Asker: 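To start, I am sharing the structure in question, which I have written as structure tokens.
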2 protein chains.
Amino acid sequence: MLKLTKKADYGLIALRHLASVPGATASTKDIADAYHLPVTLLAKVLQQLSRAGIVQSVSGTNGGYKLIRHPAAVSALEVVRAIDGPVILTHCFTEHGTCDQSDNCTVREPLRKVHEAILDVLNRFTISDLAESPVIRLTPLPVPVNPVASARTARPAVAAALTTPSGSGVRSGRALLLESDVHQEF
Amino acid sequence: MLKLTKKADYGLIALRHLASVPGATASTKDIADAYHLPVTLLAKVLQQLSRAGIVQSVSGTNGGYKLIRHPAAVSALEVVRAIDGPVILTHCFTEHGTCDQSDNCTVREPLRKVHEAILDVLNRFTISDLAESPVIRLTPLPVPVNPVASARTARPAVAAALTTPSGSGVRSGRALLLESDVHQEF
DNA sequence: TGAATCAGGACTGATTTGATCCTGTATTGA
DNA sequence: TCAATACAGGATCAAATCAGTCCTGATTCA
Ligand code: FES
Ligand code: FES
């Protein structure tokens, strides 16, 4: 249903924690206690991050995990992939052999663009974005006249992607994209 | 694990089908047969799309469903919401009361940006995008010098969002975003 | 040595998803 | 009129995925 797993959540929380104390190591228990996460599950997550080369483990007393890359060099995409495996938007992308309508499937290729856009969003978002100061409510978008105008406004990466105006032409019944239109609830 | 459900897939396939024969009605069975989808499940999906006011049902002999809005006025986001309910990226966004680390949760607000960016991607993508001609492989991106330069290149909505360069500053170990970097596999 | 900590496989229970079935209602056309 | 066609929607079942636990075995350090 297009959501991250709890494990991925936990992984991001843990990484953000590790990023907040650069260089230091924190044990699974430390982190789990700090955020009330199930210890054993978090352990699994950290193991996966370790295998993925994002954190390094230190055994023994006073051991734990430490971030071995710059927070800005670890994307959410990488984290999610390390923990949950490949991100697939639609079944079309995997079941190539088995899917019997693969030949006349009309949505696979168009959806690929959506897929790539989502991957890109995740790829741009890094642990350092996570570690930044509490987020201020996004200011309401100025209704842009043309694509370039709004792209010019300096903004952090993801926000920029978010606000790039559609300019998609047609869109008959529907006016320009309004924020309220996007997240009525979730 | 960040993927669409089959029901959402089916819904998009059905809508794309309805959009391809404007004005005409197609029965559940027609559509299910055309794409080898499970009839009863597709029926459920179409019911939900009907309740959402995206298609209209016609009972009786030669009945079926018809699209009652312009394809460009039906976003993938709306379809997904109608079928799978609200899109939630992380558990933080829902379990406000119950989650005991809600107060010191460090990832909720930052992730909201990602959430909104994904909603926006889905919101921009419409049934008419689905109905378009087979997609040509995206051309490799020119490595952009500054954000504006590439945004200037005329491109369809989603693709534009996709290729807006990061320009996120830091990103130490990692060079500019490369396509191959984003979808190594899925 | 022994306490602390990671590594990782096996396993269980809960939740979600996918799919089917069944009863009922509306519409059409012979 | 009435039978065939098609939608509406609740109930139910099976399969898959996810969340969480447990246990056994290394590794490190004091
Ligand atoms: S390839 Fe199977 S549904 Fe698209
Ligand atoms: S609010 Fe509960 S984990 Fe973020």
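Treat the numbers as computed from the prediction; the structure is a model and nothing was measured.
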Asker: Sort and list the pairs that fulfil salt bridge (charged side-chain N to carboxylate O under 4.0 Å, His left out) and have at least one residue in residues 25-50 of chain A, not counting sequence neighbours.
Answerer: A/Lys29-A/Asp33
Asker: Mind checking what makes side chain to side chain contact (heavy atoms under 4.5 Å, CB included) contact with A/Ala52, not counting sequence neighbours?
Answerer: A/Ile54, A/Ala82
Asker: Can you list the residues that meet the side-chain hydrogen bond (donor to acceptor under 3.5 Å, both in side chains) rule with B/Thr25, with sequence neighbours excluded?
Answerer: none
Asker: Mind calculating the distance between NZ (A/Lys66) and P (C/dT5) to the nearest angstrom?
Answerer: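 Spelled out: NZ on A/Lys66 to P on C/dT5 is 15 Å.
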Asker: Which side-chain hydrogen bond (donor to acceptor under 3.5 Å, both in side chains) pairs, counting each pair once, include a residue from residues 54-64 of chain A, with sequence neighbours left out?
Answerer: none
Asker: List the protein contact pattern of nucleotides 7-20 of chain C with one symbol per nucleotide (5' to 3'): B for base contact, S for sugar-phosphate-only contact, - for none; contact means a heavy-atom distance under 4.0 Å.
Answerer: BBBB------SSBB
Asker: By side chain to side chain contact (heavy atoms under 4.5 Å, CB included), which residues pair with B/Leu2, not counting sequence neighbours?
Answerer: A/Leu2, A/Leu4, A/Val87, A/Leu122, B/Leu89
Asker: Does anything in residues 48-60 of chain A form a salt bridge (charged side-chain N to carboxylate O under 4.0 Å, His left out)? List the pairs, not counting sequence neighbours.
Answerer: none
Asker: Salt bridge check: are A/Glu116 and A/Lys113 linked by an N-O gap of less than 4.0 Å?
Answerer: no
Asker: What is the 5' to 3' range of DNA chain D, first to last nucleotide, that sits under 4.0 Å from any heavy atom of chain A?
Answerer: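 Terminal contacting nucleotides, 5' to 3': D/dA19 to D/dC29.
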Asker: With sugar-phosphate meaning primed atoms plus P, OP1 and OP2, does B/Gly63 contact a base, only sugar-phosphate, or nothing at under 4.0 Å between heavy atoms?
Answerer: sugar-phosphate
Asker: How would you list, by chain and number, every residue that makes a side chain to side chain contact (heavy atoms under 4.5 Å, CB included) with A/Pro22, sequence neighbours excluded?
Answerer: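 With sequence neighbours excluded, A/Pro22 shows a side chain to side chain contact (heavy atoms under 4.5 Å, CB included) to no residue whatsoever.
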Asker: Return the set of residues passing side chain to side chain contact (heavy atoms under 4.5 Å, CB included) with B/Val39 (not counting sequence neighbours), or none when no residue passes.
Answerer: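 Checked B/Val39 against side chain to side chain contact (heavy atoms under 4.5 Å, CB included); matches are B/Thr28, B/Ala32.
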Asker: Hey, could you give me each pair passing salt bridge (charged side-chain N to carboxylate O under 4.0 Å, His left out) that has a residue in residues 52-65 of chain B? Not counting sequence neighbours.
Answerer: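 Passing the test, one end in residues 52-65 of chain B: no pairs.
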Asker: Taking DNA chain C as the partner, which of residues 21-31 of chain A come within under 4.0 angstrom of it by heavy atom?
Answerer: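 By residue number: A/Ser27, A/Thr28.
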